[in-house]
> 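Let me begin by handing over the structure; questions about it come next.
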There are 2 protein chains.
Amino acid sequence: MMLMGAQAGGSNNGEKFMTTAARRPATLDDVARAAGVSRSTASRVLAGNGFASPTARERVRTAVNLLGYVPNPAARALVHGSGVRLLIAVAGTGPAVLDDPYVDQAVAAVARACTPHGLGVAVQWVPLGAPERLTQLTEDRGVAGLVLLNTTPALLDLVPRRLRGRAVSIGIGSATVPSVDIDNGGGTAAIVRHLYDAGRRRIAMVTGPRWLACANRSVGAYRRLLHDAGLPAREVVGDFSAARGYAAAREVLRRWPDTDAIVGISDATALGVIGRLRADGIRVPEDVAVTGFDDIPLAATVALTTASHPVRQIITAAATMVLEHREAPETTVFPSALVVRGSA
Amino acid sequence: MMLMGAQAGGSNNGEKFMTTAARRPATLDDVARAAGVSRSTASRVLAGNGFASPTARERVRTAVNLLGYVPNPAARALVHGSGVRLLIAVAGTGPAVLDDPYVDQAVAAVARACTPHGLGVAVQWVPLGAPERLTQLTEDRGVAGLVLLNTTPALLDLVPRRLRGRAVSIGIGSATVPSVDIDNGGGTAAIVRHLYDAGRRRIAMVTGPRWLACANRSVGAYRRLLHDAGLPAREVVGDFSAARGYAAAREVLRRWPDTDAIVGISDATALGVIGRLRADGIRVPEDVAVTGFDDIPLAATVALTTASHPVRQIITAAATMVLEHREAPETTVFPSALVVRGSA
DNA sequence: CTGAAAGCGCTAACAT
DNA sequence: ATGTTAGCGCTTTCAG
């Protein structure tokens, strides 16, 4: 509680007089002085490593609490040459990729993971056609680590040495950049199998953009299963958005009027599909079953059958890997869990 | 394009030999050396202010491009005592407030605004019952600015002097902290009026948590309009979530079975309400009209009548205020626009 | 076990 | 107009 009073009085122990009002945050020097030790000793105590007598330890600890000392990350970063923020680089065709709620979630999750470490987050779009733009971004000494989103192989190759062990990719990885990924293939397979088991035989899919590796794994799984069952694939290209799903639904039914199930590459896509279908008087799931992917909060509310992934956890895991500079396995795959609800 | 080749060769001009491989990012010293001027001169031309001959300017510029120089924000922050990230402090009853997609969006939007300035973002929850926790957070020299979310008056009072002019509140403001806000009252009034004009007379509302000032403005407007029309208010407390809307819908109809319209405090709430209604065989909007608030992307897809606010722009405006350290008017109110779609 | 001293990269007086 | 000089707050050899 009333720490501030104590601080205001205590922080100027060795000073001639208490200056005006602006109690500026305490520095390590203040702590050292208050503890009656040298700056170096104080630093050692705080670092946890290095030698220090129990007495010194104790006194420094007290001083820190008393003054409410918080290390200045800029100073630390400067001496360590380590940077002060994590960069989230999102590949995409245009800056609009950053408008995706999925990116919002990723940024927020990384920010939450960074905050306790005294680091901030920055986001930037990297043009799909000019991956070398990433180099400019990593040139910045302020960048302490890198999280790649919508990663492409070209991007992976451009991660500089300086960031080795401080970079992670959500999606595909490489020999030098570990990755954290979802088992899209398995998830989609489970969905398609569920549809098949429910008697659906004319199953279409609204896909994601072709350049996205992780989306392609879903599409691949869809094709394989249909192929194995001797069924033809029915694909319409989408872009993860509800708006595109809305349009795509009509295209699917125009091209293949007897379609009895539509697999959405994402929940938003599926929601769009359902919106269009209902608007056209087509019953879901009676006439056409619809499935999503990701299990966003809204999915439960509208009873969407989908595959669930702990996106937040995944991103947090990724952020933690770079924050703690951990030697990581080349790839960590998170499972996908089928969630059967009303829409299929 | 092939800048890297040029850099690798050029950056060690005055050195004895080119060391191994690790081309570390160029420093201002490197630039100065390459340009044949002193560090200060280089610093001046980069700062834009200060004197410098056209020649010097030119040479420094060239050197910067050649070396791909990017200033080290940590060093800058250190000398300016300015901090390296913006803190987004979110008040709420528990850490779960951070799970809200609205917060995700805010964090991401602020991050986007910060990135060009070389700043990162951090997010933290501030317990509603212990606003003084904010003080600990702002004690950190790394904090360059503050964005308050779900602000309460107690919080506003705890913004330290150091952050004067570098803090902004989304929602209510104070004499020392400017605010950026939505005209919730006006927006809600427009919605209720629309419902009334459409002949609805038994209008209920699923509200937000009581402690939230901005939510209360909506509730206030709802009450006022109903009161003026000689109609009774029908309120059920919600929390912005779809899940709560889902539950609240049933409560509304249990307490007032003849309800013919439900005003949701948020789109998510409204979506939940609609889900429950439809599941119970109640037609929307024929039997009960439903409205939301905010116009999230999904609203258009499911034809939700709502009030639209450029949330991203609003947050960006807020972030920009603190980034550019602008003298801001005490309050900037963004308008709310009624969007009539199918649900009401 | 502890203190003195150097220096991370940059800016801002203060001399030229 | 330009260079020289002090630091900003912290970590880290290197001597005691």
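Sequence lines set the chain letters: A, B, ... in the order given, protein chains first and strands last, and positions in each chain run from 1. Remember, predicted model here, so these are calculated numbers, not experimental data.
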> Using the side-chain hydrogen bond (donor to acceptor under 3.5 Å, both in side chains) criterion, which residues pair with His325(B)? Sequence neighbours excluded.
Arg166(B)
> Does anything in residues 65-85 of chain B pair up under salt bridge (charged side-chain N to carboxylate O under 4.0 Å, His left out), and if so which pairs, sequence neighbours excluded?
Arg85(B)-Asp140(B)
> Please name all residues satisfying salt bridge (charged side-chain N to carboxylate O under 4.0 Å, His left out) with Asp29(B), sequence neighbours left out, ordered by chain then number.
Arg39(B)
> Could you tell me the boundaries of the chain B footprint on DNA chain D, defined by atoms under 4.0 Å from its heavy atoms?
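Under 4.0 Å from chain B, the extent on DNA chain D is dA1(D) to dG9(D).
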> Which pairs count as salt bridge (charged side-chain N to carboxylate O under 4.0 Å, His left out) when at least one residue sits in residues 146-157 of chain B, sequence neighbours excluded?
none
> What is the per-nucleotide protein-contact pattern of nucleotides 6-15 of chain C, from the 5' end, where B denotes a base atom under 4.0 Å from a protein heavy atom, S denotes such proximity for sugar-phosphate atoms only, and - denotes neither?
BBBBBBBB--
> Do any pairs count as a salt bridge (charged side-chain N to carboxylate O under 4.0 Å, His left out) and have a residue in residues 170-181 of chain B, sequence neighbours left out, and if so which ones?
Asp181(B)-Arg217(B)
> Please tabulate, for the side chains in residues 118-131 of chain B, all donor-acceptor contacts under 3.5 angstrom to protein atoms that are two or more places apart in sequence or on a different chain.
unit_1	atom_1	unit_2	atom_2	d
Trp125(B)	NE1	Gly92(B)	O	2.9
Trp125(B)	NE1	Gly94(B)	O	3.3

> For the helix from dC1(C)-dG16(D) to dT16(C)-dA1(D), measure the angle between the helix axis at one end and the axis at the other, each built from five pairs, rounding to 10°.
40°
> Applying side-chain hydrogen bond (donor to acceptor under 3.5 Å, both in side chains), name anything that partners His80(B), two or more places apart in sequence or on another chain.
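Testing His80(B) for side-chain hydrogen bond (donor to acceptor under 3.5 Å, both in side chains), a comparison that skips the adjacent residues, returns none.
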> Kindly write out the residues that satisfy salt bridge (charged side-chain N to carboxylate O under 4.0 Å, His left out) with Glu324(B), not counting sequence neighbours, or none if the list is empty.
Arg326(B)
> Under the salt bridge (charged side-chain N to carboxylate O under 4.0 Å, His left out) rule, collect the residues that match up with Arg112(B), sequence neighbours excluded.
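Testing Arg112(B) for salt bridge (charged side-chain N to carboxylate O under 4.0 Å, His left out), a comparison that skips the adjacent residues, returns Asp99(A).
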> Please answer whether the main-chain N or O of Gly171(A) pairs with a side-chain N or O of Ser179(A) as donor and acceptor at a distance below 3.5 Å.
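Looks like yes, one N/O pair under 3.5 Å.
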